[in-house]
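Notes follow the structure.
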There are 4 protein chains.
Amino acid sequence: MKTKDIILATAKEMISEVGFHKATTANLAKKANISEGTIYRHFESKEDILLHILDALEEQFSYYIEAIRKKLDVKDCSLEEIMTDYFSFVEANEVDMKIMLSTYGLLDSSKRLMAVFLKNLELILEESLRHGIERGEIKDVDVERNATVVMTIIFGLTRMHLYWPDVRDVREEAIEFCRRSLMK
Amino acid sequence: MKTKDIILATAKEMISEVGFHKATTANLAKKANISEGTIYRHFESKEDILLHILDALEEQFSYYIEAIRKKLDVKDCSLEEIMTDYFSFVEANEVDMKIMLSTYGLLDSSKRLMAVFLKNLELILEESLRHGIERGEIKDVDVERNATVVMTIIFGLTRMHLYWPDVRDVREEAIEFCRRSLMK
Amino acid sequence: MKTKDIILATAKEMISEVGFHKATTANLAKKANISEGTIYRHFESKEDILLHILDALEEQFSYYIEAIRKKLDVKDCSLEEIMTDYFSFVEANEVDMKIMLSTYGLLDSSKRLMAVFLKNLELILEESLRHGIERGEIKDVDVERNATVVMTIIFGLTRMHLYWPDVRDVREEAIEFCRRSLMK
Amino acid sequence: MKTKDIILATAKEMISEVGFHKATTANLAKKANISEGTIYRHFESKEDILLHILDALEEQFSYYIEAIRKKLDVKDCSLEEIMTDYFSFVEANEVDMKIMLSTYGLLDSSKRLMAVFLKNLELILEESLRHGIERGEIKDVDVERNATVVMTIIFGLTRMHLYWPDVRDVREEAIEFCRRSLMK
DNA sequence: GATGAATGAGACTTCATTCAT
DNA sequence: GATGAATGAAGTCTCATTCAT
């Protein structure tokens, strides 16, 4: 593992655990067993580390979106699949997701990425709903507004899952909840 | 308006806009047109200001909960009412809600208050669902899990509404969404 | 009791207990049940309070010195009396003595007063020794140097007594110690 | 000379000269020709600097005590030696002694160290007196009380020597004074 | 005389960033 | 590439003193 990756991995862990502000360069260097100076050989600034983390997350997210889009193109992607796949995506990128969710109030680039998440998921849900209605599987509801509702539910569940592990995990139940609301 | 209230009001505005860390005592003093020392005549520390804000919010929340509980006691409080009232509560305490939502990762007392919000809303929703099922208005679903789902939806909507004003407001639609899922 | 005296009394107590720096004007005002502003109606500054305390102590000390001098004039003041009377003086001015001893490293006026103490006691002891030698009661020692030694012993005992109450009180024994060393 | 030692040396000088409170981190940095931040790279806090100074002093004192104890074990350590050696110890650690003497009213760790000084010296003096009495060289006095008296004299002399250089140095005379009082 | 809110200088401390080695 | 000591700006907080009421 290269030094740059060690820094990134350590930073991810620290930021997700204690937040961006409390993850100081001094602590980071100590935990990564490198010197503070080395950080600046690989990154322009502390914020730059975050940018790299977010970039990687954006890439992963684009794969998820791409995969869903491919399914949608052949018209056989249900709401259920979108949600299940998204939860898998979150599971696989738990740490990075926590970082994005805890920094979008602090950092423009983080806010921008979050907006990308929201928009893409919304669009995909819209399309999925539209297909479902066409196929006669989904009730004839307002597509846009209901897509936004489902997206909100998805993000609410994600945050609850990541930040409030004491609250019972209802991701499965939530899928059922949506099915009952939307399926004929 | 007394100095203490000016400080509180200015702090609320600043913290909700730029976050707790960037709302420095120097900025706060400048914006409130007082000296930094004055802050400490009225509050023990910067965190103490936040505590006052959160305490006030907790009090407001307790009124909301109390009002809902009274309705529940006479058995005529629908899911719809709980949600509508909660959204009104958020509307009336917008700034404070933003502060709580942006600090629960930073501050224990904020996290504690958020937990109070989550738990109380969950319990009320459980009770409401139970009543609805008794009255035969609500489907025979797992009460606890579905209460958690609805609570998650509510908090997701709140955060979306407060932090992403560009996303269309679907709070009304969400109520409908829940009704479809839960009402017979 | 006038306000000025209340302030002085309270200040004495606080300073002797927690030291000059930790005795803040805020604490002083609170403990004296007056406002901070009132302090400055009666004293020019915080240091000025100390000056008043020291002035009072200086006056008391001058009475002690005067009394001893009168005895010396009629040639019948023993070393023992000087020490016993001094210990009585300290006992009667315990708090003020502690204040002087704890501030002479901080404040010129306090250092000056302490120098007055040292010098006067030294001179009196010299005179007493000289009389004793004349009368044939005291060994033929170097008067000046031995006066300084006894003065040092006296101040050492005073400080030990005031600051280290756990150390056994040996003031009586010390008098005996000096008698053995100096009396024929 | 390493930065840490420069800071320590400068701090010693400043604290002994102007006291702990007036030796501010800003002044210290300026005098040591470093930035204030550098202080905190080497010490956890301003108090921590003092702790290092006191620790070093404690170590030096333990050497002195150890050396005296060794002499006492072979029963040939006179009161005179204890005093002379102690004065040498003070001479060699003048600055640090001044710091301890000027901070024991302010800081627990300083007070603790001072208590160690008092207790150890007292115990050693007791033992020495006991040996002297056994050997028939010392008068049959109350060992404990007279040890305390001598200890008090020693500390009185130390303080006088360090804080009142204008007062004539009577350390030699004081040894003689004690000999006269205690030796047969 | 008395009040107490306000002040502002200055204390201690943190931390992202730089740079000589 | 790596180090880690040094920096200095900026943060939170304290406290003697002032002043309008």
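Lettering follows sequence order; numbering is per chain, from 1. Just so it is clear, the model here is predicted, and its values are computed rather than measured.
Remark: D/E36 CD to D/K30 NZ distance equals 9.5 Å, nearest 0.5 Å. The OG atom of D/S102 sits 9.5 Å away from the OH atom of C/Y104 when rounded to the nearest 0.5 Å. Considering CE of A/M1 and CG of A/L8, their distance stands at 8.0 Å, rounded to 0.5 Å. Atom-to-atom distance recorded for D/F117:CZ and D/M100:CE is 4.0 Å, nearest 0.5 angstrom.
Rounded to whole angstrom, the span from the NZ atom of A/K30 across to the P atom of E/dT14 amounts to 12 Å. A/Y40 has its OH atom 18 Å from the P atom of F/dG1, to the nearest Å. F/dT14 atom P lies 11 Å from atom CG of B/D48, rounded to whole Å. Atom-to-atom, NZ of D/K46 to C1' of F/dC13 comes out at 15 Å; the value is rounded to the nearest Å. When rounded to the nearest whole Å, the span between CG of C/L106 and P of F/dA16 equals 13 Å. One can place CZ of A/R41 at 16 Å from P of E/dT21, the figure rounded to the nearest angstrom. The CZ atom of A/F20 sits 12 Å away from the C1' atom of E/dC15 (whole-angstrom rounding). Put simply, CG on B/L28 is 13 Å from P on E/dA6, counting in whole angstrom units.
Proximity of a side-chain donor or acceptor of D/T24 to a complementary backbone N or O of D/N27 within less than 3.5 Å is detected.
Checking E/dT3, E/dT7, F/dA2 against every side-chain atom of B/S35, the shortest atom distance belongs to E/dT7. Checking E/dA6, F/dG1, E/dA11 against the side-chain heavy atoms of B/T3 singles out E/dA6 as nearest. Here the nucleotide nearest the side chain of A/H42, chosen from F/dA2, F/dA6, F/dC13, is F/dA2. Counting only heavy atoms from C-beta on, C/T38 has its side chain closest to E/dA2 among E/dC12, F/dT7, E/dA2. With F/dT3, F/dG8, E/dA16 as the candidates, the nucleotide lying closest to the side chain of A/I34 is F/dT3.
Inspection of the A/D48 and A/S45 side chains reveals no N or O donor paired with an N or O acceptor under 3.5 Å. With 3.5 Å as the limit, one finds a donor-acceptor pair spanning the side chains of C/E59 and C/Y63.
As judged by a 4.0 angstrom heavy-atom cut-off over every strand, B/I39 is placed among residues making no nucleic acid contact.
The nearest heavy atom of DNA chain F to D/K4 and to C/A26 marks one nucleotide each, and the one closer to the 5' end goes with D/K4. Annotation: of the two residues near DNA chain E, C/N33 and D/T24, the 5′-most nearest-nucleotide partner is C/N33. The residue among A/S45 and C/E36 whose nearest nucleotide of DNA chain E lies closer to the 5′ end is C/E36.
At F/dG11, none of the side-chain N or O atoms of B/T25 fall inside 4.0 Å of OP1 or OP2 (strictly under the cut-off).
Taking a 6.0 Å sphere around CG of D/D5, one finds it holds more than 12 heavy atoms contributed by other residues, nucleotides or ligands.
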Dot-bracket for DNA chain F, please. Rules: Watson-Crick or G-U, both distances under 3.5 Å, ( ) within the strand, [ ] when a pair crosses earlier ones, | for another strand, . otherwise. .||||||||||||||||||||

